[in-house]
Amino acid sequence: MGELGGFLKIERSAPHYRDPSERVKDYREFLVSRPAEEISAQGARCMECGIPFCHNGCPVGNLIPDWNDLVYADRWHDAIRQLHATNNFPEFTGRLCPAPCEAACVLEIREGDAVTIKQIENAIIDRAWEEGWVAPLPPSAESGFGVAVVGAGPAGMAAAQQLRREGHRVVLFERDEAAGGLVRFGVPDFKIEKWVVERRVQQLRDEGVEVRCGVDVGVDVTVEELRSEFDAVVLCTGSRVPRDLPVPGRELEGVHFAMDYLYGRNRWVADGSYAPSISAAGKHVVVIGGGDTGADCVANADREGALSITQLELLPEPPPRRPDDRTPWPLWPQKYRLSYAMEEAQALGKGEQDYSVATTHFSDDESGRVAALHAARTNPEDPFGPPLEGSEFAIRADLVLLAMGFLHPEPALLDGLGVEKDRRGNAHAPVYETSVPGVFAAGDARRGQSLIVWAINEGRQAARMVGRHLGTLEPRELIHAGNVEPADSGPAGPPQGRAAYGLTAEER
């Protein structure tokens, strides 16, 4: 794979981003595309590993060495076919995934030297769209079965696409006004512009998936109607119940869940006439939670013109390098990473991070609006235990955003269907089928909050199990779902290696 000894001769070229002091002035994507020659050279760094540990690191099972080699050989069309063999939406993962594959790369044994897998993946799919290589792949025949997919995030979109390509009638239900889930409404445009999401939604429609937005299953469509109309149901509703902070003053005006803020900002970016109910403009903002959601809040507050932004984390500050005694290679390293958002805030001179901080209560300005956050230091050895005595302090706060993660899916639909839940409140579906025959679950609704790459994998695997289930049933009266065209002209069966390409379809 790659160039013989390439990893010894070619330096790693990390992804390039727009200058933080400039990109904070707009909502355009800050990732900068690189020339094809540079990307090919990075593909050449991929070693011919005896065991490609990147496969183990990638939840969706991407064939990473294969398409690295194809990019190096300037065979980009073959590379996208290999990439699509395992990943329905590589432009989502190429922009948003934290790249556990790179943490597992053999070159990462020398920390910071991994192949730029995520950058290469993104370059492949961006070129594929530019060249017109991404096209709808409707089925060649209808199966006669109907499947309802509830939730149009990455898991639901992947499940819907896989099921439709098998010839099933698929209806994708989404409660919000547009499909995409948190990729559309939670993740800001400067990480992924929403036309990138919408063109995949249009591909689903062109393949024959019926996308019904603004439909709350369980309310607008009853559970009984769902079960009577469809042969199978796939729940991909996400993990949407946020973790709360039950401390005195939580009820004060100005203390909000992060996702309420992000939904409003994304809707405003999509439609400037939309007036969000939560604004950071001219305020001292405190974000509680050090993950991606918290970073997205920081970045939006930057762009709104917040006076100051403080991001707090309960856990102690991670070490600057991989701690081999805790997360040795090829595990995901628990080390400090300066987020893109805090880089922007610090460039503007108004961002601070603090670790080992437990919020004890909020106080108001006698008008019922939050004015200060009161906290204390935690014991690094027991951050969830009682805070350290005598370590109390206060932070001015006009707006507090709670970004402490999510607990489980909203229970109403699960309860309405009679689906058994696990001890964490997720749908109990060990092999994707729930306790109710014909009802499946995938994504965060099944596994709890996780990465977008896990969501895509879950959607694909759930679709496979739905297919097995439908194979045990007698089809209903055949219903034409439209868009029936010749099937995918690519190789049938498992993905082919590099040697298979260059052959005619008949030879393959």
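All heavy atoms count here, side chains included; hydrogens, waters and symmetry mates do not.
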Fill in: Sidechain N-carboxylate O distance under 4.0 Å for E198, R184
yes
Worksheet item: Is a salt bridge present between R23 and E343, judged by a nitrogen-to-oxygen distance below 4.0 Å?
Response: yes
Discussion item. Checking side-chain polar atoms at under 3.5 Å, does Y27 have a donor or acceptor matched by the opposite partner on R265?
Written reply: yes
Item to complete: Side-chain contact test, heavy atoms from C-beta onward, threshold under 4.5 Å: evaluate it for E458 versus Y432 and give yes or no.
Response: yes
Worksheet item: So, N87 and T93: side-chain donor and acceptor under 3.5 Å apart, yes or no?
Response: yes
Response to the item:
Sorted by chain and residue number, the side chain to side chain contact (heavy atoms under 4.5 Å, CB included) partners of A403 (sequence neighbours excluded) come out as A258, V287, T293
Worksheet item: Okay, side chain of E174, backbone of D176: is any donor-acceptor separation there less than 3.5 Å?
Response: yes
Discussion item. Can you confirm whether the side chains of R200 and Q203 place a donor and an acceptor under 3.5 Å from each other?
Written reply: yes
Worksheet item: For the residue pair H77 and W133, does the interplanar ring angle fall in the parallel (under 30°), tilted (30 to 60°) or perpendicular (over 60°) class?
Response: perpendicular
Worksheet item: Excluding sequence neighbours, so at least two apart, what forms side chain to side chain contact (heavy atoms under 4.5 Å, CB included) with V171?
Response: R169, F173, E210, R212, F230
Item to complete: Would you tell me whether R164 and Q161 have side-chain atoms, one donor and one acceptor, within less than 3.5 Å of each other?
Response: no
Discussion item. Whether the side chain of D19 engages the backbone of S21 through a donor-acceptor N/O pair (distance < 3.5 Å, no angle test) should be reported.
Written reply: yes
